[in-house]
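Only a predicted model underlies this, so the values are computations on that prediction, with no experimental measurement involved.
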Amino acid sequence: MTAQALERPSIRRRGGDLAERLGPLGVAAVAVVALITLAALCAPLITSHDPAVGSVIERYQGPNAEHLLGTDQSGRDLLARLLYGARTSLLGAAVVVLLAGAGGALLALVAAWFGRTVDALVGRVLDLLFAFPNLLLAILAVAVFGTGLGQVTVALAIAYVPYTARVLRSVALRERRLGYVQAAELQGLSGLVVSVRHILPNIAPQILTGAAINFGYAMIDLAALSFLGLGVQPPTADWGLMVSQGKDSLLQGHPEQSVFAGVCIVVAVAAFSVIGERLGGRKAGGRA
């Protein structure tokens with residue numbers, strides 16, 4: 001029996017047609033995410049303004065031909081800051097999701113393959129990580145290593161690992177007991193080869209579903225930390241930081257900065273949440 005014959009034949013059938021699974025609302029959410037990503041990547045082509053440079057004489061300008069969305073309290077172009085802020089927000093969340101997904105999948109595969117003592121040990125480690133709220137762990141990391149996007153993304157990734165590993169561990173344990181894995185073992189394939197070539201592809205749908213949902217949570221957490229002054233630091237453009245910097249302008253009758261950034265966060269998080277839930281629902285991945 002060849003290695004190809006040992007792979008579960010139901011991977012494609014189980015996934016079904018992607019557009020059908022997403023439905024009209026899910027397809028619309030994908031379009032929103034694609035539009036936000038494209039706008040972030042093409043920011044230099046959309047606007048010529050530097051998001052970090054402003055002019056005092058141009059502060060609090062309304063929408064005009066030069067500044068399509070107006071300017072903030074420092075005279076910086078709001079459209080430019082929204083576009084470049086999307087880069088920071090998306091990149092930070094992507095790093096959190098990638099690191100958490102890799103760490104969670106690794107723990108799940110190790111626990112599923114070795115079982116018993118190792119599985120129990122992994123379970124205790126996950127329980128320990130669950131004891132630390134995401135934002136608290138990030139704040140502790142900032143206190144030790146200083147403020148910055150890198151520090152909070154790594155801290156949040158560690159905090160997200162147990163949420164990912166908990167779901168993937170149960171799915172990997174189920175796959176571990178199936179006949180195709182036992183057949184691969186009888187052929188003399190190592191545990192590493194079986195896990196990477198056979199089990200991992202079959203739990204990939206759960207990984208992707210959890211990543212889509214966690215992406216939205218990561219954006220919210222990173223925005224909250226930037227709002228508190230612990231994440232992205234001025235003058236870098238970031239949606240959470242824009243909400244924070246615009247709160248004083250609210251009292252002066254200029255809510256544009258906070259409103260625009262807040263709407264962007266809500267739309268992006270809602271889109272990722274819809275995609276994740278359409279792909280498999282909260283039971284298939286993501287945080288409880």
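Inter-residue side-chain proximity for Leu82 and Cys264 is flagged as met; some heavy-atom pair is nearer than 4.5 Å. Contact of the Asn202 side chain with the Tyr180 side chain is registered, since non-hydrogen atoms from C-beta on lie closer than 4.5 Å. Under the 4.5 Å side-chain criterion, counting only non-hydrogen atoms from C-beta, Ile265 is not in contact with Met219. At a threshold of 4.5 Å between non-hydrogen side-chain atoms, the residues Leu78 and His67 do not count as touching.
Rounding to the nearest 0.5 Å places CG of Leu107 at 9.5 Å from CG of Leu121. Atom CG of Leu128 and atom CG of Leu126 lie 9.5 Å apart (nearest 0.5 Å). Note: Glu256 CD to Leu250 CG = 9.0 Å, rounded to the nearest 0.5 Å. Between atom OG of residue Ser89 and atom CD1 of residue Ile220 there is a gap of 12.0 Å, rounded to the nearest 0.5 Å. Taking CG from Leu91 and CG from Leu149, the interatomic distance works out to 6.5 Å, rounded to the nearest 0.5 Å. Interatomic distance, Leu83 CG to Ile46 CD1, rounded to the nearest 0.5 Å: 5.0 Å.
With Tyr163 contributing its side chain and Asn214 its backbone, the two residues share no donor-acceptor pair below 3.5 Å. Of the possible polar contacts, one joining the Gln233 side chain to the Gly229 backbone as a donor-acceptor pair under 3.5 Å is found. Here the side chain of Ser244 pairs a donor or acceptor atom with the backbone of Phe227 at under 3.5 angstrom. Side-chain atoms of Thr71 come within 3.5 Å of backbone N or O of Glu58 as a donor-acceptor pair. The closest donor-acceptor contact from the side chain of Ser74 to the backbone of Arg76 lies at 3.5 Å or more, if one exists at all. In this structure, Ser170 contributes its side chain and Val167 its backbone to a donor-acceptor pair below 3.5 Å. No side-chain donor-acceptor contact under 3.5 Å links Arg81 to the backbone of Met242. A distance-only check finds no donor-acceptor pair linking the side chain of Thr153 to the backbone of Val96 [under 3.5 Å]. In this structure, the side chain of Thr88 does not engage the main chain of Asp238 through any donor-acceptor pair within 3.5 Å. No side-chain donor-acceptor contact under 3.5 Å links Glu277 to the backbone of Ile275.
A donor-acceptor pair shorter than 3.5 Å cannot be found between the side chains of Gln73 and Gln252. For His49 and Glu66, the side-chain atoms include at least one donor-acceptor pair closer than 3.5 Å.
Both Val263 and Phe215 are members of a single hydrophobic cluster when ILVMFWY side chains are connected at heavy-atom separations under 4.5 Å. Clustering ILVMFWY residues whenever any of their side-chain heavy atoms sit less than 4.5 angstrom apart, transitively, puts Leu136 in a cluster other than the one holding Leu230. Hydrophobic clustering keeps Ile207 apart from Leu173 (ILVMFWY residues linked when any side-chain heavy atoms are closer than 4.5 Å, directly or through intermediates). Placement of Leu90 and Leu222 within a single hydrophobic cluster is found when ILVMFWY residues are connected by side-chain heavy-atom separations under 4.5 Å, directly or transitively. Taken together through direct or relayed side-chain contacts under 4.5 Å among Ile, Leu, Val, Met, Phe, Trp and Tyr, Val274 and Val267 form parts of separate hydrophobic clusters.
Taking each heavy atom of Ser226 and Val232 in turn, the nearest pair found is OG-N, 3.3 Å. Between Ala40 and Arg87, the closest heavy-atom pair is O-NE, 2.7 Å. Considering all non-hydrogen atoms of both residues, Ile158 and Pro162 come closest at O-CD, 3.4 Å. Closest of all the heavy-atom pairs between Ala271 and Ala29 is O-CB, 3.5 Å. The two atoms that bring Val243 and Ala261 nearest to each other are CG2-CB, 3.7 Å, heavy atoms only. Taking all atoms of both residues into account, the shortest heavy-atom contact from Trp239 to Ala86 is CZ2-CB, 3.3 Å.
Note: His254 and Tyr60 have parallel aromatic rings, judged against thresholds of 30 and 60 degrees for the angle between ring planes.
Ion pairing between a basic and an acidic side chain is recognised when a charged N comes within 4.0 Å of a carboxylate O; Arg169 and Asp119 show such pairing.
Each salt bridge (Lys or Arg N to Asp or Glu O under 4.0 Å) pair with one or both residues in residues 121-145, not counting sequence neighbours, appears once here: Arg124-Asp127.
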>> With side-chain contact (heavy atoms from CB on, under 4.5 Å) as the criterion, how do Phe272 and Ile213 come out once you've worked through the C-alpha distance, each side chain's angles and the decisive distance to 0.1 Å?
In response: CA-CA 6 Å; Phe272 279 108; Ile213 296 178; over 6 Å; no
> Stepwise, does the side-chain contact (heavy atoms from CB on, under 4.5 Å) test hold for Leu156 with Leu225?
Replying inline: CA-CA 10 Å; Leu156 284 177; Leu225 289 168; 4.0 Å; yes
> Can Tyr84 and Asp50 be said to form a side-chain hydrogen bond (donor to acceptor under 3.5 Å, both in side chains), step by step?
Replying inline: CA-CA 9 Å; Tyr84 284 92; Asp50 188 327; over 6 Å; no
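Judged as a ring pair (Phe, Tyr, Trp, His ring centres under 6.0 Å), and not counting sequence neighbours, Phe114 has no contacts.
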